[in-house]
Each structure stands twice: as structure tokens, then as C-alpha cells.
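First comes the structure, then the notes that go with it.
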Amino acid sequence: MATTTTDSAQPSAAGPLDERLLVPTRFPYRTIAMGTIGTTLLMLAALGAGGILIRDPVLGHGPLSWIRYGHGRALANALLYTGFGLVVWAWVRLGRYVLAGRIGSRPILIAALCWMAPLLVSPPLFTRDVFSYLGQGAQLLYGLDPYANGPAELHVLPNVVQNVHPLWQTTPAPYGPLFLLISKWIVAITQDNMIAGVILTRLVLLIGLGMTLWALPRLVKHLGGKLPVALWLAVASPMMVIHLFGGPHNDLMMLGFLTIGMVAALERKYVVAVLLITVGMLIKPTAAVALPFLVWMWAAHMSGESKVKNFFKAGAASVGLFVPVFAVGTWLSLGSLNLGWWSGLKAPQLIANWLNFPTGIGEAIYNLVHLVANVQPSPFVTVTRAIAMVGLAAFGIRQWWLARGGGKEAVFRAAITMLAVAILMPPTLPWYLTWGFVLFSAFGWQRRHLSVVVAVSVFVTLVYYPTGEQALYDWWFIAIVVLVSLYAAASLLRPDPLGLIAAWRKPGEEFLPEKTPAPAGD
């Protein structure tokens, strides 16, 4: 990612169609409409194929209930994946316009918001986590400790309780106390109305999106990227539109505090930076990964000749800010200094699948050994996870040490470390990759690296079924997902790389980009 996309948009870099792609455009109406139709299909199909309610007051046992069963459900799945395909097609097409310099940041922002709009009222997509959020908020509302037991201990709000995934019914909350307070406020308003609860959760999480949108232009200014590229990667991608918003996931709120905190640090407002990222940690603990990097950024701009003294001064000041904010935030959220949420961080480790590389390696070794001996898989997974944790600690410390010059290098190293945490620490869930990608989006990119991001974005969005159950051991399905992801990645660099669309054109018909006469500004 050493260079921006400016130079790589030349026609010679990507083939004969690039000259036509370089025709300026004012507004990509058709591309935005394509993605909006796609998310509308996602919303409609999710009524039968998404994270539907146990007792659905919309369809229930009415005349449209057939979409939830048998052939109706198969039709809903087909419609949903068709919508997903349109969203990816629109996103990749928008990306080609960005790389060619045909559009500025405004069309990308409008596209992302248009694509998100239908999902505001959609059932959860590719996850059921939002039901857990509501269940844990209900526990707090009714005086129960969500860090001691799962939502199954509730004897009120039956719709909330029964829709929590069975894995999390008896599992303590792994989220920060401030987010549980937010969930408590949501449930206080919506009570047992799950549809209203999901919609209100999305509306609240839009605050995090707004914070990220405020921060991105400023991050780009400091980190050397291009704003249209950053918006395309961080805001308009399937990981943001479908996972973080369509899910929805509280990572969206955490990312808002993280990005603004990094802006504050780059603008030498270190007190504000530590405060904001600590608050982000009270939403989701992952934000804590960025805190040690702030110490280097602060120390790098302290007066004095001794770097060692500056480091200890910055470290002491950071700890002095972190401890009271953490303590007060926890007290205000829970009504006590309840640190039980640290033990709740172990809960996600119950999830075991090969998307987490150490788990996958352990499972692979187990399968080889199991060919000759009847053994259990857990020891193999436990050992490989332990080795990975040691490696992650060493990697994180090295990245932290390399960040000692502060500035943009520290932000880059923090993003790498957050991405490593998402990949190596169990579990690895698809939307976790946004932790690093949102920060990376503000740096300069090369086209081939962007195509890798396209492949990863499509892959991690599809490896879970729309119901929220993982599809990672459905090998034929995964093979199709890999092919689709690679095709999407190739399509960013060259439209219709296999000639599949051209085969349906009439003789002499050429690719025609969206026609409008003048280039757009940011």
C-alpha cells in the first residue's frame, strides 16, 4: 500500500476498456440504483431467509408465511443471493469509477446511504447477534448481571429471550458496559417488540457511522490516502453495508470512537484521543489495542531531549486518563465497579471454525491424526490456539516497538495489530476485519491490493448463511464462494474478466459507461 491509486488509473495498467472508463461522469445513477435494488431484495428475502423471529408478527401464519418453509425458503435464499450479487456488482463498478478518477466522494457516500436505507427495516442479515444485544440489555434493565449469566435467566420479555441464539442463552455478555447501557435504554423503549428493538439498534449505531464519516476526511489528510478510495473501502463495502449495518453489529459504534480518537492523536490532541478510545473500549474491548500506540504518538511530540523520559511521561499521563474514565464509565453503566465483563471476554472462544487460522490448523492436524487414532479434536485446537496467542503477543509487541516514531507510522502499526487480533485471536468473525480495514482505508493503496480487499470482503460476507449460522464446512458452497470472490476481485481491475457479459451482447455492441459530461469534485 505504498502508493495511492492516482497513477494506477492509467489505461495501460488494466487493459483496453480503461480508456472508456476514463470518460468523466457526474453521477453514477445506474450503479447506485443497482445496489439499492440489491439491498431491497436482501431486505425482502430476509423475511424468509434471514435472522427471522421465532414468532414473526409480520408473516406469522398468514398468507405469506410460506416464504419461511420448504420451497418458499429456497426461493427466498435465491432472491437474497441475487440481491447480494447486485450489491457486489454495484460496489465493484463504483470502485472502477473511483480508480479511474471518474467520481469524487459525494456519489460514493450517497451510494452507501442508499444501499443501507432498505436494510434499516430488514431482519438481521448473516447474524443473530442483535438479539443477544437486546437480551443482555434486558438483563441490565431488570436488575440482573449480564456478566454472570446469559439472557435465559430472564423471566420477562419472552420474545427477547427466545430469539437469542441457543449458544448465547446461558453465556455471559462479552461486550463493554457502556454498550450494555445503550442496549438497556433501547429495551426500555421497545420492551418485547423485537422488530422495533432491531430498528432502534440500527438507528443508534448510525451514530458510529456518522463519527466515522466525520473522521475519514481528516484521517486521509494525515495518512496520505484518497477520500473517494477511503469511502469506497470503509463505508460502501459489503462488510459495512451488509455486516455492520445490516447485521447490525456494535463494532460500528466502536469504530466511530476509534477513528475520531486517531484523528485527535494525529492532530496532537492526545488527552482527547485517550479519552475517546477508552470510551470505544467501553463499547467493545478491541479498541484497547490502539491505546499503547497513542503513548508513542504522544511521546514523539513532547519537548525534552530524553526520549525515555518522554515515553514514561506519556505513558503515565495515558494511564492517568484511562483509569478514571474506565472506572467512571463502568460505574455509570452498571451502577457499580463490576469488572466481570473481563471474564465475559472468554465467551466468544466457544466459537470454533477454520476462519480463525489457529483453529483451522488445529482441526487439520486432528483430521490427519484421526485417520490412524481415535482422538478428540479439542487438544489440537487448544494447543494451536495457545501457540497463536504467543505469536500474536510477540507480533503485537514488535508492531508497537516499530511505532515508536509516532505519527502515521503508529496508526499504520495499530491497524496491522488490530487486523492480526481479528485473524489470530479466537474467534475470527467476518465483521472483525473492519477493525483494521477502516483505518487502512485512509492510507494510499495500489490497485492490486484493492482487488485483494474485494476478494476478502465478498468471501467473509458469504461464509455465514443469511440466518447467521456458519457455512464454513459446506465445502461445495465454500468452493463457489471462493470462485465468486476471485471473480469480483478480477472485475475491479478489468470489467467482465471472463467475457461472460460480452457473450450476451449483440454483435458490434460495446461497453457503454454511464454518460454524463463533466467530472465531479469531492
Side-chain angles (χ1 to χ4, degrees), residues 39 42 46 49-51 77 80-81 83-85 87-88 91 115-116 119 122-133 165 167-168 174-175 202 205 208-209 212 233-255 284 286 347-360 415 418-441 452-475 477-486 488-489:
T39 53
L42 283 170
N77 273 292
L80 189 144
Y81 285 114
F84 179 84
V87 173
V88 171
W91 181 56
W115 299 347
M116 291 178 187
L119 299 183
S122 170
L125 286 165
F126 298 94
T127 181
R128 296 180 68 89
D129 279 5
V130 65
F131 299 147
S132 296
Y133 300 164
H165 191 281
L167 180 64
W168 307 118
Y175 309 115
R202 287 196 178 106
L205 292 180
L209 177 62
T212 303
L233 275 177
V235 181
S237 75
M239 284 196 293
M240 174 64 78
V241 173
I242 296 176
H243 266 319
L244 291 193
F245 184 71
H249 291 285
N250 59 6
D251 306 70
L252 184 54
M253 180 73 77
M254 183 271 287
L255 285 171
K284 192 153 191 171
T286 315
Q349 296 181 23
L350 295 171
I351 300 173
N353 58 56
W354 61 261
L355 193 61
N356 175 251
F357 286 174
T359 302
M418 296 192 81
L419 197 57
V421 169
I423 294 171
L424 296 177
M425 181 177 283
T428 298
L429 296 174
W431 49 93
Y432 286 5
L433 299 184
T434 59
W435 302 342
F437 279 167
V438 169
L439 290 179
F440 276 136
S441 70
V452 172
V453 175
V454 169
V456 171
S457 299
V458 175
F459 178 80
V460 299
T461 307
L462 287 176
V463 293
Y464 272 63
Y465 292 125
T467 58
E469 300 296 335
Q470 58 89 10
L472 288 158
Y473 297 94
D474 185 345
W475 298 111
F477 180 81
I478 291 298
I480 294 172
V481 168
V482 170
L483 292 176
V484 169
S485 302
L486 293 175

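For reference, positions follow the sequence shown, starting with 1.
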Subject >> Test item: side-chain donor near acceptor, Y465 and N77, under 3.5 Å >> reply: no
**OP:** Measure across P466 and A49 and return the closest heavy-atom pair with its distance rounded to 0.1 Å.
**Re:** CB-O, 3.3 Å
Original post:
Hey, what do you get for CG (L355) to CG (L433), rounding to the nearest 0.5 Å?
Top reply: 7.5 Å
Original post:
Any idea how Y175 and Y133 line up, ring-wise: parallel (<30°), tilted (30 to 60°), or perpendicular (>60°)?
Top reply: perpendicular
**OP:** Take L42 and I242 through the test side chain to side chain contact (heavy atoms under 4.5 Å, CB included) and record every step on the way to the result.
**Re:** CA-CA 9 Å; L42 283 170; I242 296 176; 3.9 Å; yes
Subject >> Separation between CZ of F459 and CG of L486, rounded to the nearest 0.5 Å >> reply: 10.0 Å
Original post:
Is any side-chain heavy atom of T359 closer than 4.5 Å to a side-chain heavy atom of N353?
Top reply: no
**OP:** Kindly give the heavy-atom pair with the smallest separation between N356 and I423, and that separation in Å.
**Re:** ND2-O, 3.1 Å
Original post:
Is the backbone of A422 close enough, under 3.5 Å, to the side chain of T428 for a donor and an acceptor to pair up by distance?
Top reply: yes
Original post:
Side chains of W91 and V241: does their closest heavy-atom pair fall under 4.5 Å?
Top reply: no
Original post:
What's the shortest heavy-atom distance between M116 and L209, and which atoms?
Top reply: SD-CD2, 3.6 Å
Original post:
Do R128 side-chain atoms and G50 backbone N/O form a donor-acceptor pair below 3.5 Å?
Top reply: no
Subject >> For the student: nearest non-hydrogen atoms of G247 and P124, plus distance >> reply: O-CB, 3.1 Å
Original post:
What are the two closest non-hydrogen atoms of G246 and L119, and how far apart are they?
Top reply: CA-CD1, 4.1 Å
**OP:** Could you tell me whether a side-chain N or O of W435 sits under 3.5 Å from a main-chain N or O of T286, the two making a donor and an acceptor?
**Re:** no
**OP:** Start with the C-alpha gap between L429 and V460, add the side-chain angles, then the distance that decides, and say whether side chain to side chain contact (heavy atoms under 4.5 Å, CB included) holds.
**Re:** CA-CA 8 Å; L429 296 174; V460 299; over 6 Å; no
Original post:
Short question: side chain of R202, backbone of P248 - any donor-acceptor pair under 3.5 Å?
Top reply: no
Original post:
What distance do M240 atom CE and W431 atom CH2 have between them, rounded to the nearest 0.5 Å?
Top reply: 14.5 Å
Subject >> Flag, side chain of H249 to backbone of D251, donor-acceptor distance under 3.5 Å >> reply: no
**OP:** Begin from the C-alpha positions of F131 and H165 and carry the test side chain to side chain contact (heavy atoms under 4.5 Å, CB included) through to its verdict.
**Re:** CA-CA 8 Å; F131 299 147; H165 191 281; over 6 Å; no
Original post:
Out of curiosity, L252 CG to T212 OG1, how far, rounded to the nearest 0.5 Å?
Top reply: 6.0 Å
Original post:
Would a 4.5 Å heavy-atom cut-off, applied to side chains only, mark V235 and F245 as touching?
Top reply: no
**OP:** Test T461 against every option in P430, P238, S237, S485 by the side chain to side chain contact (heavy atoms under 4.5 Å, CB included) rule and name the one that passes.
**Re:** P238
Subject >> Value rounded to 0.5 Å, distance of CD1 in I480 from CG in L462 >> reply: 10.5 Å
Original post:
Would you call the rings of Y473 and W475 parallel, tilted or perpendicular, where under 30° means parallel and over 60° means perpendicular?
Top reply: perpendicular
Original post:
Going from CD1 on I478 to CG on L483, what distance comes out if it is rounded to the nearest 0.5 angstrom?
Top reply: 11.5 Å
Original post:
So which heavy atom on L439 is nearest to which on A415, and how close?
Top reply: CB-CB, 3.8 Å
**OP:** Could you tell me whether the side chain of Y464 reaches within less than 4.5 Å of the side chain of T127, counting heavy atoms only?
**Re:** no
Subject >> Check against side chain to side chain contact (heavy atoms under 4.5 Å, CB included), T39 and F84 >> reply: CA-CA 7 Å; T39 53; F84 179 84; over 6 Å; no
